K.L.:
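This is the structure, below, for whatever I ask next.
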Number of protein chains: 2
Amino acid sequence: MRDEARRNYCDDAMNISQAAVRSGLPPKTIRYYEDIGLVDPALRRDNGYRDYGSRDVHLLRFLHRARNLGFTVADCRALLSLYTDRKRRSADVKEIALNRIADIDRKIGELGEMRTVLATLADKCHGDERPDCPILDEFAAGQE
Amino acid sequence: MRDEARRNYCDDAMNISQAAVRSGLPPKTIRYYEDIGLVDPALRRDNGYRDYGSRDVHLLRFLHRARNLGFTVADCRALLSLYTDRKRRSADVKEIALNRIADIDRKIGELGEMRTVLATLADKCHGDERPDCPILDEFAAGQE
DNA sequence: GTAATCCTTCCAGTAACTGGAAGGTCAAGC
DNA sequence: GCTTGACCTTCCAGTTACTGGAAGGATTAC
């Protein structure tokens, strides 16, 4: 029985770059997550290489997607603990998601306001060689 | 003629905490912006305190608004340099504004996608005491 | 055998602040 | 006049979430 078979006996064992490809996270980031304790330290082979199984990749992919959805690492920590907690309340997870949605709505609202201002100004600006510019005039004026 | 009157003779002179209140930026951030050369070094009173006038507050307020709306410090630098350049072409300013509008549209699009995913998941989640949770199920599933 | 490509650790740097220590200044109250 | 507390200054360190690079060992391909 080979060494890696002993460690991750039910499935494909792989080293960090394979886990990176499968999870979508760069190797550096995987090590970083281990460093900060976001994931448990990986098993090691005799040569010191980290050894990942599909369950590890599972979690890493989970993290990759959550981060892509704008959850902070702290959010991910909370989500993971709920994820691995067999007694978790789905209400707790929902609350985290709803908070994120509220954040997103606020940001979208702010961006929409800025867009309106900029679009209005850009529309009024003749955009030629002359220095007169309603955009900058607006920045200078209307302040308090 | 008083000292601060000599420096900011047309209007109210103020120290950094007043400028902070009026611009919305914390004093630390104002000093930081001075440090990195985003704004010119503030005038100093005889006691070494920074001395701000309403024109400075104008600029700081502008920075506050722009940063809040997702413009990077580098963006702000470009906008400010056009703002203070008497020979600028209004076309240059307009181009920056149009680029920012495109950025904003992209960001709004991304946030909208995130929101859709999260809202769908949160909606499906019953959010009660039971551990079943479509949000976590979704994170866990669809792998590979 | 050796070159390329992994892997490891550690140290530094990024953006854009933010907090804290150490010390000088100022305005108010007694 | 003196103290107290709230300012102000500078500088150094820490934050978030990585990312890059150097130094050195292991594996693989030819």
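Sequence lines set the chain letters: A, B, ... in the order given, protein chains first and strands last, and positions in each chain run from 1. Quick caveat: nothing in here was measured; it's all calculated off a predicted structure.
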K.L.:
Please check if the number of heavy atoms outside A:D40 that lie under 6.0 Å from its CG is greater than 12.
P.N.:
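Open: at most 12 neighbouring heavy atoms sit under 6.0 Å from CG of A:D40.
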K.L.:
Nearest-Å distance, NE2 (A:H64) to P (D:dA17)?
P.N.:
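Atom NE2 in A:H64 sits about 16 Å away from atom P in D:dA17.
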K.L.:
Which value, rounded to the nearest 0.5 Å, describes the distance between A:N68 atom CG and A:R65 atom CZ?
P.N.:
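The distance works out to 9.0 Å.
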K.L.:
First and last nucleotide of DNA chain C in contact with chain A, 5' to 3', at under 4.0 Å to a heavy atom: what are they?
P.N.:
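Result: C:dC6 to C:dC10.
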K.L.:
Could you check if a side-chain atom of A:N99 sits within less than 4.5 angstrom of a side-chain atom of A:I96, using non-hydrogen atoms only?
P.N.:
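With C-beta onward as the side chain, the pair stays apart.
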K.L.:
Please work out if B:I16 contacts a base, only the sugar-phosphate, or nothing of the nucleic acid, heavy-atom cut-off 4.0 Å.
P.N.:
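Counting heavy atoms under 4.0 Å across all strands, the contact made by B:I16 is with sugar-phosphate only.
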K.L.:
Among residues 24-35 of chain A, which ones have heavy-atom contacts with DNA chain D below 4.0 Å?
P.N.:
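Residues of residues 24-35 of chain A that come under 4.0 Å of DNA chain D are, in numerical order, A:P26, A:K28, A:T29, A:Y32, A:Y33.
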K.L.:
Would you say B:Y52 ends up clustered with B:I36 if hydrophobic residues are merged whenever their side chains have heavy atoms under 4.5 Å apart, either directly or through other cluster members?
P.N.:
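Yes, because B:I36 and B:Y52 connect within a single hydrophobic cluster, where side-chain heavy atoms sit under 4.5 Å apart.
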K.L.:
Once rounded to the nearest 0.5 Å, what's the spacing between atom CD1 of B:I16 and atom CD of B:E34?
P.N.:
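Taking CD1 in B:I16 and CD in B:E34, the distance rounds to 7.5 Å.
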K.L.:
With sequence neighbours excluded, what pairs up with B:Q18 under the side-chain contact (heavy atoms from CB on, under 4.5 Å) test?
P.N.:
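Per chain and number, B:Q18 pairs via side-chain contact (heavy atoms from CB on, under 4.5 Å) with B:M14, B:N15, B:R22.
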K.L.:
Please set out all donor-acceptor pairs under 3.5 angstrom arising from side-chain atoms of residues 23-31 of chain A, sequence neighbours excluded.
P.N.:
| from | atom 1 | to | atom 2 | distance (Å) |
| --- | --- | --- | --- | --- |
| A:S23 | OG | A:A19 | O | 2.8 |
| A:S23 | OG | A:A20 | O | 3.4 |
| A:S23 | OG | A:L25 | N | 3.2 |

K.L.:
B:D75 side chain to B:T72 main-chain N or O, any donor-acceptor pair under 3.5 Å?
P.N.:
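It does hold such a pair.
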K.L.:
D:dC18 P sits how many Å from A:I36 CD1, rounded?
P.N.:
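One finds 8 Å between P of D:dC18 and CD1 of A:I36, rounded.
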K.L.:
List the atom pairs, donor and acceptor, that lie under 3.5 Å between side-chain atoms in residues 114-123 of chain A and the rest of the protein, sequence neighbours left out.
P.N.:
| from | atom 1 | to | atom 2 | distance (Å) |
| --- | --- | --- | --- | --- |
| A:R115 | NE | B:D105 | OD1 | 2.5 |
| A:R115 | NE | B:D105 | OD2 | 3.4 |
| A:R115 | NH2 | B:D105 | OD2 | 3.0 |
| A:T116 | OG1 | A:G112 | O | 2.9 |
| A:T120 | OG1 | A:T116 | O | 2.7 |

K.L.:
Would you compute the distance between atom OG of A:S54 and atom CG of A:L59 and round it to the nearest 0.5 angstrom?
P.N.:
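A:S54 atom OG to A:L59 atom CG measures 10.5 Å (nearest 0.5 Å).
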K.L.:
Along nucleotides 24-30 of chain D, 5' to 3', which nucleotides get a B, which get an S, and which get a -, given that the test is a protein heavy-atom distance under 4.0 Å?
P.N.:
-BBS---
